[in-house]
Protein chains: 2
Amino acid sequence: MDDTTDADYEHLLRGADLRVTRPRLAVLRAVRRQPHADTGSVLTAVRAEEPTVSHQAVYDVLGALTDAGLVRRIQPAGSVARYELRVGDNHHHVVCRSCGAVADVDCAVGHTPCLTASDSHGFVVDEAEVTYWGTCSDCTTRPSSPS
Amino acid sequence: MDDTTDADYEHLLRGADLRVTRPRLAVLRAVRRQPHADTGSVLTAVRAEEPTVSHQAVYDVLGALTDAGLVRRIQPAGSVARYELRVGDNHHHVVCRSCGAVADVDCAVGHTPCLTASDSHGFVVDEAEVTYWGTCSDCTTRPSSPS
DNA sequence: CCAAAAAACTTGACTCGTTCAAGAAAAGGG
DNA sequence: CCCTTTTCTTGAACGAGTCAAGTTTTTTGG
């Protein structure tokens with residue numbers, strides 16, 4: 001399905017004027033394997049392959065990749081920062097109020113749905129982010145039982 | 001424009017089965033005066049009227065009022081929690097990427113716009129939150145000049 | 001109006017995601 | 001292969017928010 005290789009990630013990094021390093025490749029692999037992973041999970045996953053990578057390196061890498069537009073950072077209210085590789089396709093997220101699980105949702109309307117705000121108070125708007133809130137199927141089935 | 005009195009707030013609180021206390025009234029007044037204020041600002045504003053109120057009380061009160069649906073908590077990525085009195089009218093927010101300023105935006109489509117996600121992966125969705133990202137007029141005029 | 005029960009508040013310590021700073025190591029151009 | 005720049009390691013620090021124990025206030029019922 002997604003057989004992206006390290007060579008592909010190299011091209012991505014170079015195209016963004018970023019040096020190719022082992023920590024960065026490991027972070028990209030980790031985020032691909034676990035979409036919506038938080039920094040801690042990425043750190044754990046990275047260290048499974050590269051045991052010497054520091055937590056600060058992961059913060060730096062995720063920041064650099066986010067600035068370069070190679071990964072997307074989301075942060076639903078009440079959650080820590082989470083990262084994903086799907087970028088530039090205007091998709092949104094459903095978040096479970098009870099367990100915090102996140103899933104992707106393709107935009108209902110198709111393209112830049114509610115993008116044009118009626119009155120944006122002088123703001124120059126460049127993105128509309130939609131977050132759906134609800135309860136995931138696990139939490140619906142098994143009410144009030146923390147993971 | 002908004003001449004809500006303490007008596008009105010009393011009714012609101014009692015209607016939500018919450019006791020009427022000086023800290024709660026002070027918090028409601030503070031949030032009315034400064035929509036989108038963060039907890040720290042609310043604390044400062046409250047202490048101008050009630051100097052002995054603890055920071056924990058403000059956290060408790062804002063939590064209780066949020067649970068009761070009397071105030072709404074928003075938390076754009078990269079920001080601390082902010083609170084507002086406008087509740088239950090399905091409005092959204094524009095957030096300035098550079099200075100973090102927040103303004104209200106009435107829903108472009110009118111009512112529950114993108115609410116129906118195309119495929120919600122088994123989630124039971126009860127709310128669609130829209131956040132517009134951009135640059136406020138101040139930051140457009142005066143580029144890269146921190147407040 | 002007073003007392004008892006429940007809810008709310010004060011105080012102070014603490015957690016944890018994230019950032020800051022200084023120096024060491026690695027990447028890439030010449 | 002060396003030099004410059006970027007990136008990474010190490011370790012301390014910051015700050016929003018939470019936890020816990022004990023006191024005060026609100027409310028209800030006598």
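A note on names: the letters A, B, ... follow the listed sequences, proteins ahead of strands, and every chain is numbered from 1. Computed from a predicted structure; not experimentally measured.
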Which listed nucleotide ([options]) is nearest to the side chain of [X]?
X	options	result
B:Ala57	D:dG17, C:dC9, D:dT9	C:dC9
B:Val61	D:dT10, C:dG17, C:dC9	C:dC9
B:Arg19	D:dT9, C:dA8, C:dT10	C:dA8
B:His55	C:dT11, C:dT18, D:dT9	C:dT11
A:Val20	C:dT18, C:dG28, C:dT10	C:dG28
A:Gln56	D:dT10, C:dC9, C:dA8	D:dT10

Phosphate-side-chain proximity, B:Thr52 and C:dC9, N/O vs OP1/OP2 below 4.0 Å: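 No.
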
Any A:Thr21 side-chain N or O less than 4.0 Å from OP1/OP2 of D:dC8: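 Result: yes.
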
Flag if over 12 foreign heavy atoms under 6.0 Å of CZ, B:Arg22: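 Open.
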
Other residues, nucleotides, ligands: >12 heavy atoms within 6.0 Å of A:Arg47 CZ: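 Correct, the count exceeds 12.
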
Value in whole Å for how far the C1' atom of D:dT6 lies from CZ of A:Arg14: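 Interatomic distance, CZ of A:Arg14 to C1' of D:dT6: 14 Å.
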
hbond_proxy B:Arg24 side chain to C:dA8 base (donor-acceptor, 3.5 Å cutoff):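 Under the 3.5 Å cut-off, the side chain and the base do not form any donor-acceptor pair.
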
